[in-house]
Amino acid sequence: MAGKVVEIENLVKRYRDLVALDHLNLAVGEGEIFGLLGPNGSGKTTAINCILALLRFDKGSVKVFGRQMQPNLYEIKKQIGVVLQNVAVFEELTVQENIEYFCSLYVQDKRLRKQYVEEAIVFSGLVDFRKFYPKKLSGGLLRRLNIACGIAHKPKLIILDEPTVAVDPQSRNRILEGIKELNRQGATVIYTSHYMEEVEQICSQIAILDKGRCIAAGTKEELKCMIKMGEKIHVEAAGLKPSQLEEIRSLRHVYQVEEKEGMLEIRCSGGKHNLVHILEYFAKQDIPFGRVYSELPTLNDVFLEITGKELRDSAALQA
Ligand code: ADP
Ligand code: MG
């Protein structure tokens, strides 16, 4: 089995009375794209800052590449590439100069550095913008510059904190594809986001955070198997009687029926042919219906079942 790149045990971080990390446990294996998924305020950035030893914590331990992380542990730090949530580049330097600057902190050999900077520019799609100053860049391009600065030195571990927030779809896709490419080239990646779709799309392992705790971890398939819901069936139908809703609820595998704006949302535990049984009931009762579709669980359903809250909504509210 591949070694652990990051190991967090029982990590507690308080900001005065607020417990931002509450006995957090995480283990990131070599070669993974590890997703930290959680709503705003769940402790993602705090966890990242603790991994990087940018922040003192109250309890627990953080190991990176098998070493207890310390603020002055430079031999470990130089193997880490960081893309922080808030874009941090120099306004006085051009795109290329910014990347050169950050790369020069790690790579002393001039020729190698030149090659790495060029590769980062191409990789980030910034070839046409290399002479631009940051204030002339769109939000998406600025994010890409921020990433280029963090990864130009080819670190073994890359940590990206919400790199796609407020980014146009084109840049977003480019960023997500870029992360997969860096991983293919051998980097272990830690990726935080409150967008479950992104995390599902690129992450090989996922930890779901809520209130500073890891409430579930595994592959997306494993996470979806942890919950009762196996399928969610939507039927466009209005005006059903309470007795009919009750009867649907008593069908095999059905455990929850909700009516939302003319759509019935019927949650079923595993099992096959749920849709057939439900539509048979509609036919027998002669209830008219419109659109019908079935959905497999999403990570939002996992979050909802474990915490009782929507991942999406809680994130959107605070975005
Ligand atoms: P996330 O990155 O998941 O949005 P954060 O790690 O930024 O979450 O925040 C976790 C919790 O800690 C939140 O309740 C936030 O308000 C609080 N917090 C974060 N930074 C500070 C700080 N410097 N001082 C006080 N509270 C903070
Ligand atoms: Mg954050």
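Worth knowing before you read on, the calculation uses all heavy atoms, side chains too, and leaves out hydrogens, waters and symmetry mates. Model, not experiment: these values are computed from the prediction. For ligands, and for the atoms within them, numbers begin at 1 and follow the listed sequence.
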(Q) Please check whether Gly41 reaches ligand 1 - meaning an N/O of the residue sits under 3.5 Å from an N/O of the ligand, judged on distance alone. (A) yes
Q. Closest non-hydrogen protein atom to atom 23 (N) of ligand 1, residue and atom name please, with distance?
A. Tyr15 CE2, 3.7 Å
Q: Confirm or rule out an N/O/S atom of Thr45, from backbone or side chain, lying less than 2.8 Å from the Mg ion (ligand 2).
A: yes
Q. Looking at atom 9 (O) of ligand 1, what's its closest protein heavy atom, distance included?
A. Thr46 OG1, 3.9 Å
Q. Any non-hydrogen atom of Gly43 lying under 4.0 Å from ligand 1?
A. yes
(Q) Under 6.0 Å from the ring centre and within 45 degrees of the ring axis: does the NZ or CZ of Lys228 meet both conditions for the six-membered ring of Tyr255? (A) yes
(Q) Please list, in number order, the atoms of ligand 1 under 4.0 Å from a heavy atom of Pro39. (A) 3 (O)
**Q.** Ligand-side contact atoms (ligand 1) for residue partner Asn40, heavy atom cut-off under 4.0 Å
**A.** 4 (O)
Q. Do Leu264 and Phe289 belong to the same hydrophobic cluster, where Ile, Leu, Val, Met, Phe, Trp and Tyr are linked whenever their side-chain heavy atoms lie under 4.5 Å apart, directly or via other members?
A. yes
**Q.** Arg267 vs Glu305, salt bridge (charged side-chain N to carboxylate O under 4.0 Å, His left out): CA-CA, chis, key distance, verdict
**A.** CA-CA 11 Å; Arg267 284 170 199 264; Glu305 226 178 277; 5.6 Å; no
(Q) Taking Glu177 first and then Lys180, would you say they form a salt bridge - that is, a charged N and a carboxylate O separated by under 4.0 Å? (A) yes
Q) Taking distance alone, with no angle check, do Thr45 and ligand 1 share an N/O pair under 3.5 Å? A) yes
Q. What atoms of ligand 1 come closer than 4.0 angstrom to any heavy atom of Leu18?
A. 11 (C), 12 (O), 14 (O), 17 (C)
Q. For atom 6 (O) of ligand 1, is the nearest protein heavy atom under 4.0 Å away?
A. yes
Q. Given the protein's heavy atoms, is any one of them under 4.0 Å from atom 15 (C) of ligand 1?
A. no
Q | Phe65 six-ring centre to Lys63 NZ/CZ under 6.0 Å and within 45° of normal | A | no
(Q) My understanding is that only residues two or more places apart in sequence, or in another chain, count here; which of them pass side-chain contact (heavy atoms from CB on, under 4.5 Å) with Phe90? (A) Glu92, Leu93, Asn98, Tyr101, Phe102
Q. Lys44 heavy atoms, cut-off 4.0 Å: which ligand 1 atoms fall inside?
A. 1 (P), 2 (O), 3 (O), 4 (O), 6 (O), 8 (O)
Q) Looking at residues at least two apart in the chain, or sitting in another chain, which of them share a side-chain contact (heavy atoms from CB on, under 4.5 Å) with Arg67? A) Leu73, Glu75, Ile76
Q: For the pair His234 and Tyr293, name the ring-plane relationship: parallel under 30°, tilted 30 to 60°, perpendicular over 60°.
A: parallel
Q: Using the six-membered ring of Phe57, assess whether NZ or CZ of Arg14 lies under 6.0 Å from its centre and within 45 degrees of the ring axis.
A: no
Q: Answer yes or no for Gln85: is there an N/O/S atom below the 2.8 Å cut-off from the Mg ion (ligand 2)?
A: yes
